Amino acid sequence: MKKYDHLKIEKKWQKEWDSKKVYKTLDSKSAKSKKLKPFYVLGMFPYPSGAGLHVGHPRSYIGSDICARMKRMQGFNVLYPMGYDAFGLPAEQYAIEHNVHPREAVEKNIKTFRGQFDKIGFSFDWSRQVNTTDTEYYKWTQWIFLKLYNSYYDKKSNKARPISELIKKLSKEDKEWKNYDELKKQDILMNYRLAYEGESEVNWCQVLGTVLANDEIVDDAHGHPVSERGGYPVEKIRIKQWFLRITSYADRLIEGLPELKWSNHLKEIQKNWIGKSEGSLIKFPLFKLNIDVEVFTTRADTLFGVTYVVLAPEHPLILNLKNKIENWKEVEEYIEHARHKENQERMDETKEKTGVELKVIKAINPANNEEVPVWISDYVLADYGTGAVMAVPMHDERDRQFSNKYHIPIIDRPLVDKFEITEKVGGKIVTKYKMRDAVFARQRYWGEPIPLYRDKKGIIHEVKKLPLELPNVKSYEPTGHAEGPLAGVKAWVAKGYETNTMPGWAGSSWYFLRYMDPKNKKELASKKELDYWKQVDMYVGGAEHATGHLLYSRFWHKFLKDIGVVKTEEPFVELHNQGLIMATDGRKMSKRWGNVVNPDDIVKVYGADTLRVYEMFMGPFDQPVAWSTESIIGSRRFLEKVWRISQDIVASPSEISSRFTLPGIPGGTHTIQKSHSALLEKLLHKTIKKVTEDIANFNFNTAISSMMILVNEMEKSDQVTVADFKMFLQLLAPFAPYIAEDIWKSFGEKKSIHISGWPKYDKNKIKDDVIKIAVQVNGKVRAEIEFAPDSSEADIKEIVLSNEAVKSWIKGGEIKRFIYIKNKLVNIVV
RNA sequence: GCCCGAGUGGCGGAAUUGGUAUACGCGCACGACUUAAAAUCGUGUCUCGUAAGGGAUGUGGGUUCGACUCCCACCUCGGGCACCA
């Protein structure tokens with residue numbers, strides 16, 4: 001008997017699959033001519049870090065691979081590609097430390113990743129690989145950026161339109177338009193563009209002379225934020241940056257959620273993140289000042305209970321009131337103090353609320369003309385709503401805390417109708433969102449250059465010839481001001497180019513489209529391919545991207561639909577999130593804890609098939625599980641059992657050719673004996689049904705469990721037929737592609753099992769001809785009786801009540817109820 | 001604080017339009033094979049009880065003929081948001 005030598009067979013078939021291009025995806029034309037339907041399976045592409053893959057990473061790819069393999073066997077033209085999201089901070093930090101170009105680090109890491117991928121036996125079509133840092137790729141990232149820059153959101157048609165249409169409209173509406181100079185027009189248009197320049201806060205570290213990402217900041221012993229490198233203080237400063245107007249798409253991003261086959265959990269996260277709320281804008285005139293303070297409230301019904309108005313310290317109105325405020329010095333100090341307070345501290349709810357009254361400014365409640373004081377406090381956020389709040393301590397916990405501290409009276413007034421009162425005081429019903437526009441700039445080198453430049457007058461122009469390539473720099477070290485290393489490249493700055501680069505999520509927001517047509521030089525992908533594939537049918541990846549990549553991609557996709565590039569509204573129809581694989585110590589696997597298990601080691605000792613089966617068997621796909629090298633042996637034993645059975649079949653061909661026939665079912669009895677081989681066939685067909693459904697639902701653990709049950713039965717039997725065993729191998733193939741292929745070929749098959757078709761179960765063969773019905777007396781199981789399926793209740797009742805065991809439990813008592821659940825159970829209530 | 005999700009043997013877990021709780025696997029124990037070991041196979045393995053039988057799905061209630069599954073309250077863990085007016 002041949003030994004199951006995983007090293008040998010895995011190497012052999014890997015080579016064969018590569019050379020025969022078994023997993024090659026057809027382009028739309030050849031697929032259509034063969035009448036193959038498309039199915040697009042995608043795993044989130046990795047960031048090629050220097051650490052390589054640990055056993056946690058393959059889990060999501062094994063899941064998507066199994067799905068892709070089954071769909072391929074079912075006859076779909078499956079697109080299942082892989083690539084690399086290779087821009088980003090770690091490569092830049094590596095470059096600083098080792099004084100090499102980030103590209104070198106990336107290339108080296110990609111090689112490691114590819115080697116690891118190949119060993120695990122993924123069915124990627126590598127001819128379609130993309131890499132976000134290739135100029136031919138990021139050319140199109142820049143192209144999309146320019147499209148965003150040249151578009152505005154038209155609320156009427158509820159979609160993005162070219163900025164040229166807006167200019168036409170503005171010049172019609174505003175007679176002065178044609179007299180404005182270019183800079184003024186630019187400023188006005190900036191308020192509409194979907195990619196626009198604005199101001200935002202960044203983490204600035206004076207000592208390091210650089211802007212830091214949140215990941216590069218840690219808290220020191222006193223809870224103050226310091227740089228991870230060196231432990232230097234970090235402060236917030238405001239700088240000009242590019243933004244994407246994702247808020248324009250807020251409604252569509254919410255509306256699209258229900259139709260998505262994503263977990264409710266994830267949809268909920270996105271919905272909360274967008275944070276839509278309806279409320280009223282209400283103006284509070286300032287006493288004798290001819291100035292209004294506009295507040296946003298969701299509780300206009302409490303308007304009569306207002307006791308003061310609060311502004312955020314950053315509210316622009318405060319400076320206008322400078323001369324009218326008697327205690328200006330105190331106010332100024334408070335504003336300064338709030339500015340230096342760290343965001344974290346400011347948002348800490350346990351911290352007591354502070355504020356200063358603007359003396360002697362009074363606001364007038366438009367509902368009843370009552371005068372109320374005006375305060376400033378940092379419990380009001382400048383960038384939500386209007387940055388001003390009407391305080392109703394009676395109905396709002398925060399207002400009550402503040403009132404208690406500063407001895408502001410709390411008054412109880414009856415509630416009124418929200419909508420009526422808003423109308424009555426001349427307010428407006430509006431919708432606000434928690435989500436902010438997305439900062440689309442990083443003060444870094446290793447990212448896509450923003451394809452814009454400024455002339456000497458400050459007018460912004462597009463770069464006409466894409467790609468705008470990232471120039472080489474001498475040093476990746478910080479420049480000492482709040483700009484990236486590109487600011488140190490004289491030729492770059494001289495041309496007026498942006499010194500910020502795009503954030504990490506730029507390239508990942510559309511990469512799934514590039515896979516459809518990865519080598520296209522004229523378009524990001526051809527119309528033909530885009531129309532054929534449409535969107536990702538099955539997406540698999542981490543839930544940690546809920547409010548990042550998964551939201552940004554939806555936003556970009558909707559924009560690309562608006563400008564006619566794609567036809568679908570949503571990029572990812574169905575999504576599954578894999579649970580994290582934790583280390584045996586219960587922590588995340590990380591170099592830092594020294595608890596990392598390398599898949600290469602597992603593949604070497606147990607084989608890739610065992611690793612794959614184990615990772616899918618260890619628990620539900622979407623749940624976190626702890627790695628246990630001890631438990632892998634079970635998966636290995638399962639595959640060895642499969643191997644042994646296959647050897648037996650090959651060894652005795654005469655036995656298996658004598659196919660068993662079903663004996664007739666004897667009538668009149670409730671116990672029907674059947675041959676083992678007929679039972680085995682029934683079990684096989686049940687297993688086909690179960691595995692097919694389980695893969696479709698990503699219930700891989702129960703699919704494997706049902707295959708184990710089948711194999712256990714096969715092992716007991718000496719009547720396993722080649723035909724049946726081959727059907728089982730096809731079920732196993734997506735999970736354990738190497739061993740399935742090897743045994744398949746040993747039966748003389750010429751074509752790979754992975755394109756051999758998918759077994760179908762026979763409805764008649766899974767029908768049970770005897771059904772065990774549990775008999776309960778007062779809810780407790782007291783007997784089990786066999787019946788023919790679908791027996792009538794009357795028949796069952798007669799037999800059950802004449803059963804001795806049942807009789808003894810009823811003890812002659814009166815039967816109050818007789819409940820029969822078809823083909824399952826009987827409950828007798830006495 | 002608010003919003004989600006989850007608590008089942010020694011361990012990973014199975015079973016939910018309410019219908020035989022603990023499938024499958026790991027571990028453990030015993031047995032077979034072997035000179036022996038490994039591998040493999042078989043048997044057992046929630047708990048109390050000699051048994052008959054009773055009890056058990058985080059805790060306490062409720063609905064029901066029947067609850068891991070539905071409802072209420074609480075506890076614990078995980079995730080998301082976090083002064084969003």
Side-chain angles (χ1 to χ4, degrees), chain A residues 3 263-277 279-280 295-300 302 310 312 344 346-351 353 377-381 383-392 395-399 401-402 432-436 543-544 546-547 577 579-580 582 613-614 617-620 622-638 640-641 644 699 701-712 715-716 772-784 815-830:
Chain A
K3 221 185 113 212
S263 71
N264 288 331
H265 173 63
L266 206 83
K267 292 198 231 181
E268 199 64 31
I269 291 175
Q270 286 207 347
K271 206 177 140 197
N272 292 341
W273 178 261
I274 297 167
K276 183 176 181 169
S277 62
S280 312
V295 304
F296 173 71
T297 179
T298 54
R299 295 295 309 272
T302 65
V310 212
Q344 200 58 44
R346 196 172 151 174
M347 289 188 289
D348 192 343
E349 228 177 336
T350 57
K351 273 262 160 26
K353 297 188 183 4
S377 170
D378 61 9
Y379 83 86
V380 175
L381 304 175
D383 52 2
Y384 182 74
T386 60
V389 166
M390 59 176 226
V392 188
H395 294 285
D396 186 283
E397 182 55 34
R398 295 154 301 179
D399 297 344
Q401 280 174 25
F402 195 79
K432 294 282 176 193
Y433 305 90
K434 288 188 198 176
M435 181 174 65
R436 308 290 144 83
E544 69 272 19
T547 56
N577 304 114
L580 223 54
M582 313 299 277
V613 169
Y614 173 63
F617 182 63
M618 61 198 298
D622 58 359
Q623 226 108 69
V625 264
W627 178 263
S628 160
T629 302
E630 206 180 42
S631 302
I632 296 174
I633 192 69
S635 301
R636 169 76 189 195
R637 281 182 194 147
F638 165 59
E640 277 177 356
K641 216 178 270 185
R644 269 201 314 274
N699 293 327
N701 54 334
T702 50
I704 293 171
S705 145
S706 67
M707 286 191 287
M708 284 173 168
I709 293 169
L710 176 66
V711 167
N712 287 346
E715 196 182 35
K716 283 181 206 152
K772 281 182 189 166
I773 288 182
V775 181
Q776 297 182 334
V777 178
N778 287 334
K780 290 209 190 302
V781 180
R782 299 302 185 187
E784 204 171 60
I815 293 167
K816 290 181 188 128
R817 287 184 72 176
F818 186 92
I819 295 149
Y820 172 53
I821 305 300
K822 199 175 167 194
N823 294 342
K824 287 216 165 129
L825 127 170
V826 162
N827 191 10
I828 300 163
V829 185
V830 288

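Per chain, numbering begins at 1; letters A, B, ... match sequence-line order. Quantities reported herein were computed from a predicted structural model and do not represent experimental measurements.
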Write down the distance separating the [atom1] atoms in [N] and [M], rounded off to the nearest Å.
{"N": "B:rA21", "M": "B:rG66", "atom1": "P", "result": "14 Å"}
{"N": "B:rG42", "M": "B:rC46", "atom1": "C1'", "result": "23 Å"}
{"N": "B:rG19", "M": "B:rC74", "atom1": "P", "result": "28 Å"}
{"N": "B:rU17", "M": "B:rC11", "atom1": "C1'", "result": "32 Å"}
{"N": "B:rG78", "M": "B:rU63", "atom1": "C1'", "result": "30 Å"}
{"N": "B:rG55", "M": "B:rG49", "atom1": "C1'", "result": "11 Å"}
{"N": "B:rG27", "M": "B:rU34", "atom1": "P", "result": "25 Å"}
{"N": "B:rU35", "M": "B:rU20", "atom1": "P", "result": "49 Å"}

How many whole angstroms separate atom [atom1] of [X] from atom [atom2] of [N]?
{"X": "A:Glu268", "N": "B:rC4", "atom1": "CD", "atom2": "C1'", "value": "6 Å"}
{"X": "A:Ile633", "N": "B:rG27", "atom1": "CD1", "atom2": "P", "value": "7 Å"}
{"X": "A:Lys3", "N": "B:rU40", "atom1": "NZ", "atom2": "P", "value": "13 Å"}
{"X": "A:Asp396", "N": "B:rG1", "atom1": "CG", "atom2": "C1'", "value": "13 Å"}
{"X": "A:Ile704", "N": "B:rA23", "atom1": "CD1", "atom2": "C1'", "value": "15 Å"}
{"X": "A:Met435", "N": "B:rA82", "atom1": "CE", "atom2": "P", "value": "13 Å"}
{"X": "A:Asn778", "N": "B:rG53", "atom1": "CG", "atom2": "C1'", "value": "16 Å"}
{"X": "A:Ile709", "N": "B:rA15", "atom1": "CD1", "atom2": "C1'", "value": "12 Å"}

Would you please indicate yes or no on a ring centroid separation below 6.0 angstrom for A:Trp627 and A:Tyr614? yes

Nearest-neighbour nucleotide for the [X] side chain, [options] considered:
{"X": "A:Phe617", "options": "B:rA85, B:rC24, B:rG80", "result": "B:rC24"}
{"X": "A:Val781", "options": "B:rG27, B:rU20, B:rC81", "result": "B:rU20"}
{"X": "A:Pro620", "options": "B:rC3, B:rA14, B:rG66", "result": "B:rA14"}
{"X": "A:Lys641", "options": "B:rC41, B:rA85, B:rC65", "result": "B:rC41"}
{"X": "A:Thr702", "options": "B:rA14, B:rC81, B:rC26", "result": "B:rA14"}
{"X": "A:Arg637", "options": "B:rG54, B:rC26, B:rC41", "result": "B:rC26"}
{"X": "A:Asn712", "options": "B:rG42, B:rU20, B:rC24", "result": "B:rC24"}
{"X": "A:Glu784", "options": "B:rC26, B:rA85, B:rU20", "result": "B:rU20"}
{"X": "A:Ser705", "options": "B:rA23, B:rG54, B:rA85", "result": "B:rA23"}
{"X": "A:Val389", "options": "B:rG27, B:rG19, B:rA85", "result": "B:rA85"}

With both distances kept under 3.5 Å, what pairs with [N], Watson-Crick or G-U wobble?
{"N": "B:rC74", "result": "B:rG58"}
{"N": "B:rC65", "result": "B:rG19"}
{"N": "B:rC24", "result": "B:rG12"}
{"N": "B:rU43", "result": "B:rA29"}

May I ask you to verify if any side-chain N or O of [X] is less than 4.0 angstrom from the OP1 or OP2 atom of [N]?
{"X": "A:Lys780", "N": "B:rG55", "answer": "yes"}
{"X": "A:Arg644", "N": "B:rA39", "answer": "no"}
{"X": "A:Asn272", "N": "B:rC4", "answer": "no"}
{"X": "A:Tyr379", "N": "B:rA85", "answer": "no"}

Could you tell me if A:Lys353 sits above the aromatic ring of A:Tyr379, with its cationic atom closer than 6.0 Å to the ring centre and no more than 45 degrees from the axis?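 The answer is yes; both the distance and angle limits are met.
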
Does [X] reach a base, just sugar-phosphate, or nothing at all? Heavy atoms under 4.0 Å.
{"X": "A:Arg636", "answer": "nothing"}
{"X": "A:Leu825", "answer": "base"}
{"X": "A:Ser277", "answer": "sugar-phosphate"}
{"X": "A:Asn701", "answer": "sugar-phosphate"}

Within residues 622-629 of chain A, find the residues that approach RNA chain B with a heavy atom at under 4.0 Å, and present them sorted by residue number.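 Per residue number, the list reads A:Pro624, A:Val625.
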
Salt bridge between A:Asp383 and A:Arg436, side-chain N to carboxylate O under 4.0 Å?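 A salt bridge links A:Asp383 with A:Arg436.
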
Is there a salt bridge (Lys or Arg N to Asp or Glu O under 4.0 Å) between A:Glu640 and A:Arg644 once you walk through the steps? CA-CA 6 Å; A:Glu640 277 177 356; A:Arg644 269 201 314 274; 5.1 Å; no

Between [X] and [Y], what is the shortest heavy-atom contact and its length?
{"X": "A:Val380", "Y": "A:Ala312", "value": "O-CB, 3.3 Å"}
{"X": "A:Ser263", "Y": "A:Asn577", "value": "OG-OD1, 4.0 Å"}
{"X": "A:Lys772", "Y": "A:Glu784", "value": "CD-OE1, 3.7 Å"}
{"X": "A:Asn778", "Y": "A:Val830", "value": "OD1-N, 3.1 Å"}

Of A:Ser706 and A:Ile819, whose nearest nucleotide on RNA chain B comes first from the 5' end?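 Upstream on the strand: A:Ser706.
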
Ranking A:Arg782 and A:Gln776 by the position along RNA chain B of their nearest nucleotide, the one closer to 5' is A:Gln776

When you check the glycosidic angle of B:rG9, does it come out syn, meaning within 90° of 0, or anti? syn

So does A:Ala546 get a backbone contact from the side chain of A:Gln270, meaning a donor-acceptor N/O pair under 3.5 Å?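 Confirmed, A:Gln270 side chain pairs with A:Ala546 backbone.
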
A:Lys353 (side chain) and B:rC83 (base): donor-acceptor pair under 3.5 Å: yes

Within a reach of under 6.0 Å around NZ of A:Lys271, are more than 12 heavy atoms found that belong to other residues, nucleotides or ligands?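 12 or below, so no.
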
CA sep, side-chain torsions, deciding dist, call: A:Lys824, A:Lys822, side chain to side chain contact (heavy atoms under 4.5 Å, CB included): CA-CA 5 Å; A:Lys824 287 216 165 129; A:Lys822 199 175 167 194; over 6 Å; no

